[in-house]
Amino acid sequence: MGSTIDQELILQLQAGSLDALGLLYDRHRQMVFRTALGITGDPEAANDLLQDVFLRLHRFADRIEVERPLEPWLYRVTTNLAYTWVKRNRRWYHPLEDLAEWLAGPGKSSPYDEVERSDDCNRVQKAISNLPFAQRVVVVLYYLNDLSLQEVAEILELPVGTVKSRLHYGRQALKKSLALGRFADGDKLPDFNYERP
Amino acid sequence: MDEEMDFYLKRCVKDWAAGYQPPADGRAKLLQAAERTRQHAPARGLGAIAYLWALIFDQAVVDLHPDGMARPCTQSRTWSLYIATQWRLAN
């Protein structure tokens, strides 16, 4: 049903309708923003990338295949633009964060504390940001967007086996950097409104 | 254990991301930017050729229509005229 609405809006967009662009933005902005945020770890970058993705949708509307779902295209463009951002900012991103922590010192609050929901969540996001890009994208698409391995593979145009492998190594790296060895020992998970399924 | 870890990671990442929202004025900014892009769309392909053609020969590229009126050429017609002229000059 959602795809039918998207198809109709894309046709209108291809005919030049900016209203259709606005409606497509409303329908998909959370997903694009969330994905960009997960990959870059930077809310400002996510805002910029959100604009860029939809400007590209507007610019290349006539090349979009209307019969196919729009979301994979949006995911793909988001990850490609995020890759460019990460490459460009990689030299500066971690040193700045480390500097901020050093300046804050132990026990003092840093500017980042204002937006932290919990220490655990922040640590997880930071650990994800430290993953190699290929693993990071898979982890974000899989965990943040609830996509299946098959869906991730289609978006990234990779074999499912490759996606599985990247997710596996991403998990291993996260386990190590978050010192989640206690999972293997069966310890209780951290409490953050955790509800068992 | 992977299942528990998956659940933990999923909740953490989602909780973290839930603290941020796209900007409230994002839609308006997008539509303004798209409108600006539309207004300043660069001349493409044959439009550019027609312009260069007119520039070089210092005349408007017009064609005589069956009704006897001279009107500016369509892009495809401009291209045809250009090719035909080039051929004529070469031969």
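None of the values given here were measured: they were computed from a predicted structure. Here is how names work: the chains are called A, B, and so on, in the same order as the sequence lines, proteins then strands, and each is numbered from 1.
For the residue pair A/Y142/A/R166, the side-chain donor-acceptor check at 3.5 Å is not satisfied. With no hydrogens or angles considered, no side-chain donor-acceptor pair links A/T4 and A/Q7 at under 3.5 Å.
At distances below 3.5 Å, not a single donor-acceptor pair connects side-chain atoms of A/E154 with backbone N or O atoms of A/P72. Here the side chain of A/D42 pairs a donor or acceptor atom with the backbone of A/A45 at under 3.5 angstrom. A/S165 contributes no side-chain N or O that, together with a main-chain N or O of A/G161, makes up a donor-acceptor pair within less than 3.5 Å. Put simply, the side chain of B/R27 never gets that close to the backbone of A/D26: no donor and acceptor are under 3.5 Å apart. A donor-acceptor pair under 3.5 Å is formed between the side chain of A/T35 and the backbone N or O of A/M31.
For the set A/I128, A/V139, A/V124, the count of heavy-atom pairs under 4.5 angstrom toward chain B peaks at A/V124.
With a threshold of 4.5 angstrom between heavy atoms, A/L50 approaches chain B through side-chain atoms but not through N, CA, C or O. With a 4.5 Å cut-off on non-hydrogen atoms, A/F33 touches chain B through its side chain but not through its backbone. Interface residue A/Q125: only side-chain heavy atoms are found under 4.5 Å from chain B. Heavy atoms of A/N145 lying under 4.5 Å from chain B are absent altogether. Interface remark: A/R34 contributes side-chain atoms only to the contact with chain B (heavy atom separation under 4.5 Å).
Across all non-hydrogen atoms, the minimal contact from A/R171 to B/M5 is O-CE, 3.2 Å.
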key: Stepwise side-chain contact (heavy atoms from CB on, under 4.5 Å) check, B/L31 with A/Y25   = CA-CA 10 Å; B/L31 296 184; A/Y25 177 84; over 6 Å; no

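The stretch residues 10-23 of chain A places A/G16, A/L18, A/D19, A/L21, A/G22, A/L23 near chain B, each with some heavy atom under 4.5 Å from a heavy atom of that chain.
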